[in-house]
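Before any comments, here is the structure.
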Amino acid sequence: MLAPVSRVPLRRAFAGLPAYVPGARAAVGAAAYKLSSNENAYPPLPSVVAAIADAAVDVNRYPDMYATELAEAIAQRLGVAPESVVAGTGSVAVLGHVLMAVCEAGDEVVLPWRSFEAYPIAVTLAHAQQVRVPVGADGRLDLPAMAAAVTERTRVVLVCTPNNPTGPAVRDAELRAFLAAVPRDVLVVVDEAYVEFVRDPDAADGLALLAEHPNVVVLRTFSKAYGLAGLRVGYAVARPRLAAGIRTASTPFGVSHVAQLAALASLRAETELLVRVDAIVAERVRMLAGLRAQGWDVPDSQANFVWLALGDRTTSFAERCAQAGAIVRPFAGDGLRVSVGESEATDIFLEVAAAHAPR
C-alpha cells in the first residue's frame with residue numbers, strides 16, 4: 001500500500017496556479033451538444049480517416065522526430081522556409097517550447113486577460129512571471145496598455161488573435177503600431193489558433209508581420225479548422241535561429257506518426273475542409289445576429305465561438321444551457337463561451353439566451 005502523503009515538495013509557484021479546465025462533456029447516456037471546447041463539429045473527411053488507418057500499422061515505430069515532411073508541406077503552403085516551421089503537440093505545447101527557449105527565471109511575459117487560460121500555466125512552467133493586462137469591455141485586446149506594460153524585464157508578449165474566449169481579432173494597424181512600440185529584443189507571439197475563421201478584412205496577418213519583424217513568432221494549429229483536436233498537432237513559424245531554439249526545447253518525438261499523416265492529408269484536402277469552415281462561419285453569423293436581436297451586447301467574434309459577459313449570472317446560465325441540451329464553457333464570475341456547432345445546437349442555445357435576454 002502506498003504511503004498516505006508524499007513529502008516531496010512541489011514548486012512554490014504551483015501553489016496559486018489554477019489547473020487547466022477542459023470543456024465539460026455530456027454525462028454518460030445523456031443527449032447533449034458539446035459546445036464547450038471550440039471543437040470542429042464535423043467528423044474527419046474520409047481521406048483523413050484513411051490516412052489515420054494507414055498510419056496505425058506503424059505505431060510500433062517512433063515517428064519522424066522533426067515531422068520533416070509535415071514541416072515542408074506547411075512551409076510550402078505558407079510560403080516560408082521549412083527550417084522556419086516547428087511542429088508540436090498542439091499550439092499550446094509549442095507555446096511552452098517557445099517560452100522555455102527564450103525565458104530565464106524571473107523574466108516577465110505580458111499577456112492579455114481574460115485570454116487563453118493555458119497562458120498563465122505555460123508562463124509559470126517556464127519559470128517566468130506573468131503580467132496580465134485587462135481586455136477591453138468590447139472583448140478586444142488593449143494593445144497600447146500591453147505595450148505600456150513592457151519593461152526591461154519583459155522577454156515575451158502574447159497576442160491572441162482572435163482572442164479566446166472573447167472572439168475579436170486584432171487589427172493590422174493596431175498590431176503594427178504595437179510592434180513599433182515594443183523593443184526588438186522582446187519576442188511577440190501571435191497566436192492564430194483560429195485564423196481560418198477570420199473574415200474581418202482589417203484583421204492582422206501574422207505571417208506578413210513575421211516577414212517584416214524578426215521578433216515575431218506565429219502559432220497555428222490543426223485542432224480547430226482542420227478538425228484534428230484529438231491528435232494534437234500544431235506548429236510555430238519563426239525566423240530560422242528562433243525556430244532552431246524552439247525545436248531544441250521541443251519534446252522528442254512529440255508529434256505522433258498518426259498525427260503527422262493526418263495533418264498531411266488535411267493539407268491535401270484543404271479546399272474541401274475550408275468549405276466546412278465557411279459553413280461554421282455562416283452559423284457564427286446566425287448566432288451573433290440572433291443574440292443581438294434579443295438585445296445582447298456581444299463582441300464581434302472572428303473565431304468559432306461567441307462570448308457572453310454575464311458576470312455573476314454565468315454559472316446559472318451555463319447550467320440552464322446544459323439542462324436544455326447544450327453544454328457551454330463557463331468562466332465563473334466573468335462570462336461564458338459557446339462554440340459554434342450544429343445548427344440544432346445553435347437553436348437550443350438561442351432559446352435559452354432568449355429566456356435570459358436583457359430587458
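Nothing here was measured: the structure is a model prediction, and the numbers come from that model.
A 4.5 Å side-chain heavy-atom check between Cys103 and His127 finds every atom pair outside the cut-off. At least one side-chain heavy atom of Phe197 sits less than 4.5 Å from a side-chain heavy atom of Lys224. Contact of the Arg176 side chain with the Leu209 side chain is registered, since non-hydrogen atoms from C-beta on lie closer than 4.5 Å. Side chains of Val98 and Val156 form no contact here, defined as non-hydrogen atoms less than 4.5 Å apart. Here the side chains of Tyr42 and Val275 are not in contact, with every heavy-atom distance at 4.5 Å or above. Put simply, the side chain of Glu272 reaches to within 4.5 Å of the side chain of Leu45, judged on heavy atoms. Taking 4.5 Å as the limit, every side-chain heavy atom of Ser115 sits out of range of all side-chain heavy atoms of Leu158. Looking at heavy atoms from C-beta onward, Phe178 lies out of side-chain contact with Val170 at the 4.5 angstrom threshold.
Remark: side-chain polar atoms of Asn163 are paired, donor with acceptor, to backbone N or O of Arg114 under 3.5 angstrom. Arg284 contributes no side-chain N or O that, together with a main-chain N or O of Val306, makes up a donor-acceptor pair within less than 3.5 Å. In this structure, Arg153 contributes its side chain and Gly106 its backbone to a donor-acceptor pair below 3.5 Å. Here the side chain of Arg239 pairs a donor or acceptor atom with the backbone of Leu210 at under 3.5 angstrom. Between the side chain of Glu196 and the backbone N or O of Val277, no donor-acceptor pair lies under 3.5 Å. Of the possible polar contacts, none joining the Asn304 side chain to the Val340 backbone as a donor-acceptor pair under 3.5 Å is found. A distance-only check finds a donor-acceptor pair linking the side chain of Ser339 to the backbone of Asn38 [under 3.5 Å]. Side-chain atoms of Arg171 do not come within 3.5 Å of backbone N or O of Ala204 as any donor-acceptor pair. Checking side-chain atoms of Arg11 against main-chain N and O of Thr124 turns up a donor-acceptor pair under 3.5 Å. Between the Arg155 side chain and the Ala128 main chain, no donor and acceptor come within less than 3.5 Å of each other.
Remark: Tyr235 OH to Leu219 CG distance equals 10.0 Å, nearest 0.5 Å. Within the model, atoms CG of Leu111 and OH of Tyr119 stand 8.5 Å from one another, a figure rounded to the nearest 0.5 Å. How far CD1 of Ile52 is from OG of Ser256: 9.0 Å, rounded to the nearest 0.5 Å. Considering OH of Tyr226 and CD of Glu270, their distance stands at 3.5 Å, rounded to 0.5 Å. Once rounded to the nearest 0.5 Å, the distance linking CG of Asp347 with CE of Met287 reads 9.5 Å. Expressed to the nearest 0.5 Å, how far OG1 of Thr221 lies from CG of Leu95 amounts to 12.0 Å.
Open room surrounds CD on Glu152; 12 or fewer heavy atoms of other groups in view lie less than 6.0 Å from it. More than 12 heavy atoms of other shown residues, nucleotides or ligands fall within 6.0 angstrom of atom CZ in Phe116. Taking a 6.0 Å sphere around CD of Glu342, one finds it holds more than 12 heavy atoms contributed by other residues, nucleotides or ligands. Within a 6.0 Å radius of CG in Asp202, other residues, nucleotides and ligands contribute more than 12 heavy atoms. Sparse packing is recorded around OH of Tyr62, with 12 or fewer heavy atoms of other residues, nucleotides or ligands lying under 6.0 Å away. Heavy atoms of other residues, nucleotides or ligands lying less than 6.0 angstrom from CG of Asp278 number more than 12.
Hydrophobic clustering keeps Val133 apart from Phe331 (ILVMFWY residues linked when any side-chain heavy atoms are closer than 4.5 Å, directly or through intermediates). A single hydrophobic cluster is not seen to contain both Leu207 and Ile246; linkage of ILVMFWY side chains at heavy-atom distances under 4.5 Å, directly or through other members, places them apart. Residues Val216 and Val195 do not share a hydrophobic cluster, defined by chaining ILVMFWY side chains whose heavy atoms lie under 4.5 Å apart. Under the 4.5 Å side-chain heavy-atom criterion for grouping Ile, Leu, Val, Met, Phe, Trp and Tyr, Val92 is connected to Val123 within one hydrophobic cluster. Under the 4.5 Å side-chain contact rule for hydrophobic residues, Val157 and Val102 do not share a cluster.
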**Request:** Begin from the C-alpha positions of Gln294 and Leu350 and carry the test side-chain contact (heavy atoms from CB on, under 4.5 Å) through to its verdict.
**Result:** CA-CA 9 Å; Gln294 294 172 4; Leu350 288 176; 4.1 Å; yes

**Request:** Please assess Gln260 against Thr68 for the test side-chain contact (heavy atoms from CB on, under 4.5 Å), listing each intermediate value before the final yes or no.
**Result:** CA-CA 9 Å; Gln260 290 182 38; Thr68 307; over 6 Å; no

**Message:** For Val159 and Leu141: C-alpha separation, side-chain torsions, deciding distance, then whether side-chain contact (heavy atoms from CB on, under 4.5 Å) applies.
**Reply:** CA-CA 8 Å; Val159 177; Leu141 271 58; 3.9 Å; yes

**Request:** Begin from the C-alpha positions of Thr89 and Thr251 and carry the test side-chain contact (heavy atoms from CB on, under 4.5 Å) through to its verdict.
**Result:** CA-CA 9 Å; Thr89 53; Thr251 304; 5.8 Å; no

**Message:** Evaluate Phe349 against Tyr33 for ring-ring contact (aromatic ring centres under 6.0 Å, His included), listing each step before the verdict.
**Reply:** CA-CA 10 Å; Phe349 176 72; Tyr33 292 97; over 10 Å; no

**Asked** When you look at Ser37 and Arg329, which way does the side-chain hydrogen bond (donor to acceptor under 3.5 Å, both in side chains) test go after all the steps?
**Response** CA-CA 7 Å; Ser37 296; Arg329 174 65 170 91; over 6 Å; no

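A salt bridge does not link Arg337 with Glu117: none of the charged nitrogens is closer than 4.0 Å to a carboxylate oxygen. Taking a cutoff of 4.0 Å between a charged side-chain nitrogen and a carboxylate oxygen, Asp300 and Arg199 do not qualify as a salt bridge.
Nearest heavy atoms, Thr166 versus Gly139: OG1-O, 2.7 Å. Closest approach of Glu174 and Ala169 over heavy atoms only: OE2-O, 4.3 Å. Taking both residues in full, the closest heavy atoms of Phe305 and Pro165 are given as CE1-O, 3.2 Å, listed atom of the first, atom of the second, then distance. The shortest heavy-atom contact between Arg292 and Val298 is NH2-O, 2.9 Å. Scanning all heavy atoms of the two residues, the minimum distance from Arg132 to Pro120 falls at NH2-CG, 3.6 Å. Here the closest non-hydrogen pair linking Pro214 and Arg184 is CG-NH2, 3.7 Å.
Checking Ser91 against Arg220 by side-chain atom types alone, no donor-acceptor pair falls below 3.5 Å.
Between Phe317 and Trp296, the two ring planes are perpendicular [angle over 60°; tilted spans 30° to 60°].
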